[in-house]
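Worksheet: one structure, shown below.
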Amino acid sequence: MAFRRTVIPMRIAALVLCAAGLARAETPQAAFARVDKARVSSDEARGRIATVVQALNDAGMPRSATVLLAALASDDQQSDGVRSAAKAELASRAVIDPSLAQLLLAQQNDPGKLPPALALRLARGFLEQALQLTPIEEGVAFQTGEISRPTSEKSIVSPKLALQILDKARALAASVPVEDPGQADALEISGLAALAAGDDDNAVKEFLALAQLPVKRGDEASAERRDKALLQLARLAYQSGDDARATQLYDRVGRGAPEWLDALFEASWSHFRKGEDEKALGNILTLHAPFFAQRFFPESFVLKALVLYENCRYADARATLADFEQRYRPLHDGLAATLASLTTPQAAAEFLTGPKPFVAGPARDEVARIEQEPDVQGAAQAAAQLAQEIDSLDRRPAVFRNSALIARVAPLARQARIALLDSAGRKLIARLGQERSELRELLGQSLRLSYEIAGREKDLALNPEAGLAPVNRKDPPQVSDDEELWPFQGEYWRDELGNYRYQLGQRCRKPRTPPQTASQPQPAPEKVATP
């Protein structure tokens, strides 16, 4: 049997050997040497940047490659081509390495022109960072008939640093072209940032523009954005004292939307201020349906007790407050105990990355839920992986360990790891602190309302002539021909949710006067998109 010999031309063989030699020679430190301070064209710079990144990836140091890109992008000693190529590559890595790459991009004085999707992610990060600096005010005054209800989006006071960060968020959102698919997200971010900065007029403009965007049939994302915009417009109307406009906007939030329960609950405050107590209590009855057991509406118990108190249903109000105390006091105390051990972002980061300390049972699930949120867990994992890369240097060859590349990257990688842990820790503390603050405020309101109820009952005991009037049952509400009035007997039906009405009757000798709001109502927007 004869064998055929394959003859490779000498020129091709030489090229193959040369390429193999280059592949072996292109170590991370060699690839970096070809990039550092190189005066090359933009195309050549992109190729060399890609080579050094690939070399570090192959060496098992992908996070360090991201750190190097950020260093090159902000280095004035590098050529414009190298800086631009590094910025572009850093932006592209934000897709696969969002926690670290986005953090490093946010630290750039001039990140350059960013893809709209990345600009929006950075803008949301700046927005949350600003809100961490301006947490919800605790101890908001609670007086019967005059309720100040803080919202999670609106800051009480914005320090100078927070305003500067909010300006960054608004600038990034404004960089998104009008025709870009992310324009709706840009409007939402701009509106929330304006709201946090106390710029209510511009917040209204942004949310109104968002609500006016067309919603295509079957496009759940655009429908959800519209519902969020309507929810924010309703909140602004409530804060301005225009309860009629607020309830109208709340009613426009789609019944199947994730925001529907929020709208239903918040509308209850407007109904209460308008004297529509039976509607307010009916909404709360829906919120307490077993279908929504996993939703978090502790404030609904305080509002229910307040409505009952205003209608002289003192025993029912006390029972509602006792139910609230039983449900949420243990959660508050568990969150407070957890936060007491997380005194610094470093302590919170150790909580995320180290052995888990004891967390009180009632708060355990809520702490675990926040701990596992993608951006919190992502930052902690990125820090852990960066630490592994830094520790691996001791096991690598001396020629690599002592190279100019490692001299440049190692200290920056340590700084980036600390920044990641700090970011994760601050997010954990801020989110746990927000929930604890809300519960603390509500518990304080509950206690003050309990004192008011006790005082009213004491007055009635001392002066029986000023006692309660005999219950005067109202006529049943009128319903349409295609509707039927059905008494609630403890059984919930999904198609009835949101349509419940309480029959309170007249228990007080004097009818309750709806509380007056401080602000004058503003004209309702005529161009808000209809469902």
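Sequence positions, counted from 1, serve as the residue numbers for this chain.
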Inset, instruction - State, with a plain yes or no, whether a side-chain heavy atom of Glu371 is found less than 4.5 Å away from one of Leu352. - result: yes

Inset, instruction - In plain terms, say whether Asp200 and Lys205 are close enough for a salt bridge, that is, a side-chain N and a carboxylate O under 4.0 Å apart. - result: no

Inset, instruction - Would you check, one step at a time, whether the test side chain to side chain contact (heavy atoms under 4.5 Å, CB included) holds for Leu213 with Leu187? - result: CA-CA 10 Å; Leu213 292 179; Leu187 289 171; 4.0 Å; yes

Inset, instruction - Examine the side chains of Ser222 and Arg226 and answer whether a donor and an acceptor come within less than 3.5 Å of each other. - result: no

Inset, instruction - Using modelled atom types only, decide if a donor and an acceptor are shared between the side chain of Arg401 and the backbone of Arg396 within a distance under 3.5 Å. - result: yes

Inset, instruction - Starting at CD of Gln78, measure out to OG of Ser84 and round the result to the nearest 0.5 Å. - result: 11.5 Å

Legend entry - Ala203 versus Leu236, closest heavy-atom pair with distance: CB-CD1, 4.3 Å

Inset, instruction - Take atom CD of Gln346 as the centre, draw a 6.0 Å sphere, and report whether it contains more than 12 heavy atoms from other residues, nucleotides or ligands. - result: no

Inset, instruction - Any chance you could measure Leu56, atom CG, to Gln29, atom CD, to the nearest 0.5 Å? - result: 9.5 Å

Inset, instruction - May I ask you to decide if Ala70's main-chain N or O and Gln108's side chain share a donor-acceptor pair within less than 3.5 Å? - result: yes

Inset, instruction - Indicate whether any N or O donor in one side chain lies under 3.5 Å from an N or O acceptor in the other, for Tyr250 and Glu266. - result: yes

Inset, instruction - Check step by step if side chain to side chain contact (heavy atoms under 4.5 Å, CB included) holds for Thr27 and Phe400. - result: CA-CA 9 Å; Thr27 59; Phe400 177 74; over 6 Å; no

Legend entry - Shortest non-hydrogen separation from Ala55 to Ala31 and the atoms involved: CB-CB, 4.5 Å

Inset, instruction - Without swapping roles, check the side chain of Ser437 against the backbone of Gly433 for a donor-acceptor pair under 3.5 Å. - result: yes

Inset, instruction - Work out which heavy atom in Ala347 is nearest to a heavy atom in Ser341; give both atom names and the distance. - result: CB-O, 3.9 Å

Inset, instruction - Report the C-alpha separation of Leu331 and Leu335 in whole Å, then their side-chain angles, then the decisive distance to 0.1 Å, and conclude whether the side chain to side chain contact (heavy atoms under 4.5 Å, CB included) test is met. - result: CA-CA 6 Å; Leu331 175 58; Leu335 291 174; 4.1 Å; yes

Legend entry - NZ/NE/NH1/NH2 to OD/OE distance under 4.0 Å, Asp365 and Arg369: no

Inset, instruction - Side-chain contact test, heavy atoms from C-beta onward, threshold under 4.5 Å: evaluate it for Phe351 versus Leu428 and give yes or no. - result: yes

Inset, instruction - Give, for atom CG of Leu412 and atom CD1 of Ile390, the distance between the pair rounded to the nearest 0.5 Å. - result: 10.0 Å

Legend entry - Whether over 12 other heavy atoms sit under 6.0 Å from Gln326 CD: no

Legend entry - Candidate list Arg225, Arg124, Gln232, test side-chain hydrogen bond (donor to acceptor under 3.5 Å, both in side chains), partner Glu188, passing option: Arg124

Legend entry - Beyond-backbone contact of Pro116 with Pro177, side-chain heavy atoms, under 4.5 angstrom: yes

Legend entry - Reported OG1-to-CG distance for the pair Thr286 and Leu261, which is rounded to 0.5 angstrom: 8.5 Å

Legend entry - Ion pair Glu224/Lys228, N-O distance below 4.0 Å: yes

Legend entry - Parallel, tilted or perpendicular: rings of Trp269 and Phe265 (30°, 60°): perpendicular

Inset, instruction - Under the side-chain hydrogen bond (donor to acceptor under 3.5 Å, both in side chains) rule, what do Gln445 and Glu441 come out as? Steps first, then yes or no, please. - result: CA-CA 6 Å; Gln445 291 181 1; Glu441 174 64 24; 3.2 Å; yes

Legend entry - Donor-acceptor side-chain pairing of Glu389 and Gln385 below 3.5 angstrom: no

Legend entry - Ile284 vs Phe301 side-chain heavy atoms within contact, under 4.5 Å: no

Inset, instruction - Determine whether Leu166 and Phe126 make a side-chain contact, defined as any pair of heavy atoms from C-beta on separated by less than 4.5 Å. - result: no

Legend entry - Heavy-atom check, side chain of Trp260 versus side chain of Asp227, under 4.5 Å: no

Legend entry - Main-chain N/O of Ala419 paired to Ser423 side chain as donor or acceptor, under 3.5 Å: no

Legend entry - Salt bridge Asp422-Lys427, side-chain N to carboxylate O under 4.0 Å: no

Legend entry - Pairing residues for Ala38 by the side-chain contact (heavy atoms from CB on, under 4.5 Å) criterion, not counting sequence neighbours: Val40, Arg48

Legend entry - Salt bridge Arg431-Glu373, side-chain N to carboxylate O under 4.0 Å: yes

Legend entry - Interatomic spacing from CG in Leu100 to OG in Ser64 - rounded to 0.5 Å: 9.0 Å

Inset, instruction - Answer whether the closest heavy-atom distance between the side chains of Lys168 and Gln129 falls below 4.5 Å. - result: no

Legend entry - Steps toward side chain to side chain contact (heavy atoms under 4.5 Å, CB included) verdict (Leu405, Arg408): CA-CA 5 Å; Leu405 169 64; Arg408 181 71 180 275; 5.7 Å; no

Inset, instruction - Please name the pair of heavy atoms, one in Ala211 and one in Leu230, separated by the smallest distance, quoted to 0.1 Å. - result: CB-CD2, 4.3 Å

Inset, instruction - Answer yes if the side chains of Asn202 and Glu206 hold a donor-acceptor pair under 3.5 Å, and no otherwise. - result: no

Inset, instruction - Keeping the roles fixed (side chain from Asp199, backbone from Leu195), state whether a donor-acceptor pair exists under 3.5 Å. - result: no

Legend entry - Salt bridge flag under 4.0 Å for residues Asp75 and Arg83: no

Legend entry - Residues Arg436, Glu366: salt bridge by 4.0 Å N-O rule: no

Inset, instruction - Determine whether Leu249 and Leu231 make a side-chain contact, defined as any pair of heavy atoms from C-beta on separated by less than 4.5 Å. - result: no

Inset, instruction - List the atom of Ala193, the atom of Arg170, and the distance in Å for their closest heavy-atom pair. - result: CB-CG, 3.4 Å

Legend entry - Minimum heavy-atom distance between Ala383 and Leu420, given as atom pair plus value: N-CD1, 3.6 Å

Inset, instruction - Output the distance between atom CD (Gln102) and atom CG (Leu105), rounded to the nearest 0.5 Å. - result: 7.5 Å

Inset, instruction - Would you kindly say whether Thr66 and Arg93 are connected by a side-chain donor-acceptor distance under 3.5 Å? - result: yes

